[in-house]
There are 2 protein chains.
Amino acid sequence: MAMYPPIIVTVDVVLMTLCLDVLCVALIRRPNAPFAGELALPGGYVHAQEDGNAEDAAYRILREKMGIKPPYLEQLATFAGNQRDPRGWSASIAYFALVSPTTEATWQPVNELQKLAFDHPAIIQAAVDRLRSKSAYSVLPAYLLPETFTLAELQKIYEQVLGSPLDKSSFRRKIKELDLLDQVAGSFQVGNQRPAQIYRLKKMMTFDRTLSQSAPRKTGRSGQ
Amino acid sequence: MAMYPPIIVTVDVVLMTLCLDVLCVALIRRPNAPFAGELALPGGYVHAQEDGNAEDAAYRILREKMGIKPPYLEQLATFAGNQRDPRGWSASIAYFALVSPTTEATWQPVNELQKLAFDHPAIIQAAVDRLRSKSAYSVLPAYLLPETFTLAELQKIYEQVLGSPLDKSSFRRKIKELDLLDQVAGSFQVGNQRPAQIYRLKKMMTFDRTLSQSAPRKTGRSGQ
DNA sequence: CTAATAGTGTCTTTCAGACAATATGGG
DNA sequence: CCCATATTGTCTGAAAGACACTATTAG
């Protein structure tokens, strides 16, 4: 079998959180070529000696470049081809991760990104799409909050991510049915108001429990 | 930056169809080491010279090894690490494809697979899971049928893939709402029965239209 | 008391599941 | 007429949306 030049294999992570109610992604300014000086996703080569698998590499990169271990990480997709890196044929195994907004990083709103290195805009778009679609039927957005939060805060996150307002009663009904939150002793209060119950995500091994919160109904019938 | 030994980059395709109402996957007996003589998914090295991107590689492999161009192909996930290939650290960009049962191949039922090369059982399992989950809200299973089919045939496919019987009336209501099928002139008949209307998939650029056929309702209320 | 937000109750609409009724072919 | 399957119609119950109502704090 013929030999081909080695293919560049990297891992890039779309690390997201919510800053001031706006979905943001963590970016790093590249110190070296290619795209030296430009903003890029945290990423790097797979280290065959250190990384047992691709997820290990993603965790290592987040540890080395961001100093964190995110509570949620999943593989997004692989972006591969001869056009995305001037050095040659490359494959980027992309992950997406969610963290609390207390995480230190250079956060940039996903809706107003400047020019980025490589095809990172496309990777970020894919991550945002994935987050949106999964938010419709899972508790993923809770990972964008601090460990404890109120239901009002959680609803705001969902509305931000999904881009449409939700009914308070229906939202609470769904969340209660899901039974994925634990009450936390204590409450949160600001100003002259009734204090709110505090919750946290239940410790679980499985994400992706069915939420099945559907899109808002249309008022009129769409013909027959 | 330190140099690392080159990483093996391959593309593997889970090519599926329905043979005698059973979901099957196309396998090839490996002629060479590693795993010579064992069954494996059609796959191969990425050819940096020929393949512009990973999807190109998947199509090339299906063309070379199976002699087909499938009507549906999507990236599944990337399986990468140092344990899956005895030659070293490897990354397999896995795709999954659906074809009509008229396609010539060595089909094996996905439920009774023998020992396979590499981690191909896990890749196949991921493909089946993906097909199942997408079948709940898309018209994907139609790609498992010949180009034209009746609604009864289509419903049987859904029942096979989803693993549970569907109500005839509800199923037709959903399909009609989706508006993803075109009527074909002519009809299909067997025996002394009313002939059935023939349909085909509409030509479209987008898959994944919302079907929102939900899981069967539970009869009782689950507490509060 | 008021202001402000937290949290609940209830009516209505929508839609999937169940299943019956009708339609259309050949004998 | 019969049978067998295709196709449509209708009823019902569960769940989502709309929205009003009550609860709890500070002052």
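None of the values given here were measured: they were computed from a predicted structure. A, B, ... follow the sequence lines: proteins, then strands. Residue 1 opens every chain.
- Here D:dT7 presents its C1' atom at 15 Å from CD1 of B:Ile175, a figure rounded to the nearest Å.
- Of the side-chain N and O atoms in B:Lys168, none sit less than 4.0 angstrom from OP1 or OP2 of C:dC19.
- Put simply, CD on A:Glu177 is 14 Å from P on C:dT8, counting in whole angstrom units.
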| task | Any chance you could lay out the side chain to side chain donor-acceptor pair (under 3.5 Å) test for B:Gln160 and B:Tyr158, step after step, and finish with the verdict? | result | CA-CA 5 Å; B:Gln160 267 299 321; B:Tyr158 271 86; over 6 Å; no
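- Proximity of B:Lys176 to the phosphate of D:dT8: a side-chain N or O atom is located under 4.0 Å from OP1 or OP2.
- Counting only heavy atoms from C-beta on, A:Ser170 has its side chain closest to D:dG17 among D:dT7, D:dG17, C:dA16.
- Rounded to whole Å, the distance from CG on B:Asp167 to P on D:dT10 is 16 Å.
- Side-chain atoms of B:Arg173 lie closest to C:dA18 of the nucleotides C:dT8, D:dT7, C:dA18.
- The CD atom of B:Glu55 lies 5.5 Å from the OH atom of B:Tyr95; values are rounded to the nearest 0.5 Å.
- When rounded to the nearest whole Å, the span between CG of B:Leu154 and P of D:dT7 equals 12 Å.
- Here CD1 of B:Ile157 is found 8.0 Å from CD of B:Glu153. Values are rounded to the nearest 0.5 Å.
- DNA chain C is contacted by B:Asn192, B:Gln193, B:Arg194, B:Pro195 of residues 190-199 of chain B, taking any non-hydrogen atom closer than 4.0 Å.
- Residue B:Lys174 contributes atom NZ, which lies 17 Å from atom P of D:dT8 at whole-angstrom precision.
- For A:Ser169, taking side-chain heavy atoms from C-beta onward, the closest of the listed nucleotides D:dA18, C:dG7, D:dT10 is D:dA18.
- Rounded to whole Å, atom P of C:dT5 lies 11 Å from atom NZ of A:Lys156.
- The OG1 atom of B:Thr150 sits 10.0 Å away from atom CD of B:Gln155, with the distance rounded to the nearest 0.5 Å.
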I'd like a table of donor-acceptor pairs (distance under 3.5 Å, sequence neighbours excluded) in which one partner is a side-chain atom from residues 106-114 of chain A, with atom names and distances.
{"from": "A:Trp107", "atom 1": "NE1", "to": "A:Thr103", "atom 2": "O", "distance (Å)": "3.0"}
{"from": "A:Gln114", "atom 1": "NE2", "to": "A:Glu112", "atom 2": "O", "distance (Å)": "3.4"}

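- Summarising the geometry, atom NZ belonging to B:Lys202 is positioned 3.5 Å from atom CG belonging to B:Asp179; distances are rounded to the nearest 0.5 Å.
- If you take CZ of B:Phe188 and P of C:dG25, they are 15 Å apart, rounded to a whole angstrom.
- B:Leu166 has its CG atom 19 Å from the P atom of C:dC15, to the nearest Å.
- In terms of heavy atoms, A:Gln197 sits closest to A:Val184 at NE2-O, 2.8 Å.
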